[in-house]
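Written out below as structure tokens is the structure these notes cover.
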Amino acid sequence: MISLIVKIVTVPIVLLLAMFMSDNVNYGAMWQPFLIILLLIGSGLALEYAMLNSGTLWTSVILDLITAFLILYFISNIFAGAYVSFGGALVVSIILGVCEYLLHRFLIRSGNVDKAPA
């Protein structure tokens, strides 16, 4: 539950700030970034529940980073009027990856993840 709340707060903030502060992330309609936000939150939670335990911190963070990049770069550019550059997708996915690392480290240290291997 902690993870869901943190993702609901951080993912929209990071993506919308990138959208409004950079020319490298641009969406043609307001529903497009919200769909991307839902995809990022859903994929992040799915990867977290499938992979995260005390021995897979870096693996889960790297997979989250790669998944965020692929969603931002490829799926965003499918939308009419949307444009996300390679660099824009990379920067946003790295920022999200740092957030994921901090969240995963907190979850592991606080004992909020299952200690059994995935």
Side-chain angles (χ1 to χ4, degrees):
M1 186 63 152
I2 294 170
S3 177
L4 176 63
I5 293 168
V6 170
K7 287 177 193 301
I8 286 174
V9 172
T10 57
V11 172
I13 289 172
V14 170
L15 186 61
L16 294 176
L17 280 176
M19 187 175 117
F20 290 117
M21 297 180 73
S22 171
D23 291 334
N24 295 323
V25 180
N26 187 18
Y27 292 96
M30 280 309 290
W31 63 268
Q32 294 170 346
F34 291 110
L35 181 62
I36 296 298
I37 288 167
L38 290 175
L39 287 172
L40 289 171
I41 291 172
S43 67
L45 287 173
L47 285 170
E48 188 174 295
Y49 290 130
M51 295 221 33
L52 185 62
N53 61 43
S54 61
T56 62
L57 173 65
W58 284 105
T59 306
S60 64
V61 169
I62 290 170
L63 283 176
D64 276 332
L65 190 140
I66 291 169
T67 304
F69 174 79
L70 293 174
I71 289 171
L72 285 167
Y73 188 64
F74 291 108
I75 295 179
S76 291
N77 287 321
I78 291 173
F79 297 138
Y83 171 73
V84 178
S85 70
F86 184 86
L90 186 62
V91 168
V92 172
S93 63
I94 288 172
I95 294 169
L96 290 173
V98 170
C99 294
E100 289 290 329
Y101 169 76
L102 296 172
L103 174 63
H104 291 179
R105 192 178 71 180
F106 168 77
L107 290 173
I108 289 171
R109 288 185 178 174
S110 67
N112 288 328
V113 295
D114 190 16
K115 299 295 182 189

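Note that this is a predicted model, so its numbers are computed, not measured.
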Measure the shortest side-chain to side-chain distance between [X] and [Y] over non-hydrogen atoms and say whether it is less than 4.5 angstrom.
X    : Y    : answer
F106 : V6   : no
D64  : L96  : no
I94  : L65  : yes
F74  : I78  : no
V92  : N24  : no
K7   : L103 : yes
V25  : V91  : no
V11  : I36  : no

Are [X] and [Y] connected in the hydrophobic side-chain network, where two residues link if heavy atoms are under 4.5 Å apart?
X   : Y   : answer
V61 : I2  : yes
M19 : V14 : yes
L70 : L72 : no
Y49 : I8  : yes
I41 : V84 : yes

From [X] atom [atom1] to [Y] atom [atom2], the distance as rounded to the nearest 0.5 Å:
X    : Y    : atom1 : atom2 : value
T10  : I5   : OG1   : CD1   : 11.5 Å
S93  : I66  : OG    : CD1   : 9.5 Å
I13  : C99  : CD1   : SG    : 9.0 Å
M30  : L16  : CE    : CG    : 6.0 Å
H104 : T59  : NE2   : OG1   : 11.5 Å
S60  : L107 : OG    : CG    : 9.5 Å

Counting heavy atoms not belonging to M21, are there more than 12 under 6.0 Å from its CE?
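Not more than 12 within 6.0 Å, no.
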
Ring pair (Phe, Tyr, Trp, His ring centres under 6.0 Å) partners of F79, counting only residues at least two apart:
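F79 satisfies ring pair (Phe, Tyr, Trp, His ring centres under 6.0 Å) with W31 only.
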
For F34, what residues pass the ring pair (Phe, Tyr, Trp, His ring centres under 6.0 Å) criterion, not counting sequence neighbours?
none

Test side-chain contact (heavy atoms from CB on, under 4.5 Å) applied to T67 - qualifying residues, sequence neighbours left out:
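In terms of side-chain contact (heavy atoms from CB on, under 4.5 Å), with neighbours along the sequence ignored, T67 is linked to S43, L47, I71.
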
Is there a donor-acceptor contact under 3.5 Å from the side chain of T56 to the main chain of M51?
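Pair found, side chain donor or acceptor close to backbone of M51.
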
What is the minimum heavy-atom distance between L40 and A68, and which atoms define it?
CD2-CA, 3.6 Å

Grab the two heavy atoms, one from L57 and one from Y101, that are nearest each other, plus how far apart they are.
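Shortest heavy-atom separation between L57 and Y101 comes out as CD2-CE1, 3.5 Å.
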
Hey, do the aromatic rings of F20 and Y27 have their centres closer than 6.0 Å?
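Distance test on ring centres: not under 6.0 Å, no.
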
